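Position 1 is the first residue of the sequence; numbering continues from there. Keep in mind that this is a model prediction, so the values were computed, not measured.
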Amino acid sequence: MEGGSFRKNCLKSWNPNWYENGIESATPTFFQDMDAILTQRAIISLGISSLHFTAAILLTFLAGWLKKIPFSELLIVLWLFYDAIIHFTLEGSFVYYSLTSTVLKSEGILAELWKEYSLADLRWGVSDPTIVSMEILTVVFDGILCIILIYAIMFNKPYRHFVQVTLCVCELYGGWMTFAPEWITGSPNLNTTNPLHLWVYLVFFNGIWVVIPGLLMIQSFYEMNKAFSKIPPSSSNNNNKQNKNKKKKQ
């Protein structure tokens with residue numbers, strides 16, 4: 001049985017309510033597209049993703065022109081701009097579609113992008129409540145944290161690494177809660193038979209939100225450890241040491 005037909009039957013038996021949320025009303029080619037390597041919609045969707053990254057590069061260039069910071073810090077700002085753009089535009093549109101209808105029932109260029117991603121993970125097409133709940137928090141909280149962190153880096157604010165760790169924990173937790181329930185239930189909604197959907201959509205586009213936050217957490221650990229190591233011992237500790245030395249001499 002072809003991948004699309006197999007997954008359609010599995011979904012119908014696993015969660016029949018999803019047919020009311022858009023799968024039954026999806027285009028006739030929706031499930032056939034699960035087996036296609038590169039469709040017109042896939043090319044457009046990848047092009048939109050490239051535009052988002054281009055916008056992040058331009059914003060980073062502008063930020064670097066306005067205020068000089070080390071190149072390594074500028075790379076972090078680039079990631080944060082890209083992260084914020086994704087949260088506010090892509091994930092923001094997903095939340096809108098999901099709260100007003102479903103992705104599979106919606107129209108528009110960003111709806112088409114999410115329909116393409118739904119070929120890899122069907123939960124995104126039918127307003128899965130766990131996914132929608134996570135994305136509401138991600139759009140609002142993580143998006144704002146990205147902007148705050150950019151400001152903190154550009155102006156060398158002392159709270160920079162507190163915000164950075166908070167953001168990274170949120171990103172990592174969001175990734176875990178997106179995929180852990182799916183893995184526990186046997187991944188009935190993930191399409192891993194198509195190399196584009198598996199390695200580009202699922203592994204790459206989700207993996208970068210694991211690798212980069214992980215690296216930034218390591219950076220924050222070393223920077224905070226370095227800062228705390230420079231703090232001189234308190235006067236009470238010094239007095240205790242002096243008292244101990246006096247007793248030893250006596």
Side-chain angles (χ1 to χ4, degrees), residues 41-64 73-100 102-103 106 108-121 123-125 127-128 130-154 163-179 182 190 196-217:
R41 184 168 59 193
I43 295 172
I44 294 173
S45 299
L46 292 171
I48 293 173
S49 299
S50 299
L51 289 176
H52 284 132
F53 189 66
T54 302
I57 292 175
L58 294 175
L59 288 171
T60 304
F61 178 81
L62 178 61
E73 296 285 76
L74 206 58
L75 290 178
I76 297 175
V77 170
L78 170 61
W79 161 252
L80 292 171
F81 272 127
Y82 180 66
D83 196 14
I85 290 171
I86 294 299
H87 288 325
F88 288 133
T89 61
L90 279 190
E91 292 173 310
S93 66
F94 168 78
V95 170
Y96 172 77
Y97 294 137
S98 298
L99 293 180
T100 57
T102 66
V103 164
S106 301
I109 188 167
L110 292 181
E112 292 301 312
L113 184 149
W114 282 114
K115 288 177 185 177
E116 176 65 22
Y117 185 78
S118 298
L119 296 173
D121 188 341
R123 295 173 298 168
W124 297 80
S127 300
D128 177 79
T130 301
I131 296 295
V132 177
S133 300
M134 289 296 303
E135 285 302 311
I136 292 173
L137 185 62
T138 299
V139 170
V140 177
F141 191 65
D142 291 8
I144 292 174
L145 282 179
C146 286
I147 303 302
I148 295 174
L149 184 52
I150 291 171
Y151 176 82
I153 292 173
M154 296 298 297
V163 177
Q164 185 164 304
V165 169
T166 303
L167 174 62
C168 291
V169 169
C170 290
E171 302 281 17
L172 293 171
Y173 181 75
W176 173 257
M177 288 305 299
T178 297
F179 287 102
E182 185 69 6
L190 301 183
L196 175 67
H197 300 160
L198 172 61
W199 297 108
V200 179
Y201 297 169
L202 294 176
V203 175
F204 176 74
F205 279 115
N206 289 286
I208 57 176
W209 266 271
V210 174
V211 174
I212 296 180
L215 292 174
L216 291 179
M217 285 190 70

Review point. With a 4.5 Å limit on heavy-atom distance, are the side chains of Trp124 and Ile131 in contact?
Key: yes
**Study point:** Interatomic spacing from SG in Cys168 to CG in Leu149 - rounded to 0.5 Å
**Key:** 8.0 Å
Review point. So Glu135 and Val132, side chain to side chain contact (heavy atoms under 4.5 Å, CB included) or not? Walk me through it.
Key: CA-CA 5 Å; Glu135 285 302 311; Val132 177; 5.7 Å; no
Review point. Just wondering, do Trp209 and Asp83 contact through their side chains at under 4.5 Å, heavy atoms?
Key: yes
Study note, to complete from the structure: Tightest non-hydrogen contact, residues Cys146 and His87, listed as SG-CD2, 4.1 Å
Check your understanding: Sub-3.5 Å donor-acceptor pair from the side chain of Trp114 to the main-chain atoms of Leu90, do we have one?
Key -> yes
Review point. Roughly how far, to the nearest 0.5 Å, is the CZ atom of Phe61 from the CG atom of Leu74?
Key: 10.0 Å
**Study point:** Side chain to side chain, Phe94 and Leu110, heavy atoms closer than 4.5 Å
**Key:** no
Practice item. Kindly compute the distance separating CZ (Arg123) from CD (Glu182), expressed to the nearest 0.5 Å. Key: 4.0 Å
Practice item. Mark yes or no for whether Thr102, through its side chain, and Ser98, through its backbone, hold a donor-acceptor pair below 3.5 Å. Key: no
Check your understanding: Rounded to the nearest 0.5 Å, what separation is found between the CZ atom of Phe81 and the CG atom of Leu62?
Key -> 7.5 Å
Exercise for review: Give the intermediate values and the outcome of side chain to side chain contact (heavy atoms under 4.5 Å, CB included) for residues Leu80 and Leu167.
Suggested key: CA-CA 10 Å; Leu80 292 171; Leu167 174 62; 3.7 Å; yes
Check your understanding: If you look at every heavy atom in Leu202 and Phe179, which pair is closest and at what distance?
Key -> CD2-CE2, 4.2 Å
Exercise for review: Supply the atom-to-atom distance Phe53 CZ to Leu78 CG, rounded to the nearest 0.5 angstrom.
Suggested key: 4.5 Å
Point to revise | Glu91 and Asp142, any side-chain heavy atoms less than 4.5 Å apart | key: no
Exercise for review: Taking all non-hydrogen atoms of both residues into account, name the closest pair between Met134 and Gly174 and its distance.
Suggested key: CE-CA, 3.2 Å
Point to revise | side chain to side chain contact (heavy atoms under 4.5 Å, CB included) between Lys115 and Tyr97, worked out | key: CA-CA 11 Å; Lys115 288 177 185 177; Tyr97 294 137; over 6 Å; no
Point to revise | Residue pair Leu46, Val200: steps toward the side chain to side chain contact (heavy atoms under 4.5 Å, CB included) verdict | key: CA-CA 10 Å; Leu46 292 171; Val200 179; 4.2 Å; yes
**Study point:** Heavy-atom check, side chain of Ile147 versus side chain of Phe88, under 4.5 Å
**Key:** yes
Study note, to complete from the structure: side-chain contact (heavy atoms from CB on, under 4.5 Å) test vs Tyr201 passes for just one of Leu119, Asn206, Leu196, Asp121, namely Leu196
**Study point:** Separation between CD of Glu112 and CD1 of Ile48, rounded to the nearest 0.5 Å
**Key:** 9.5 Å
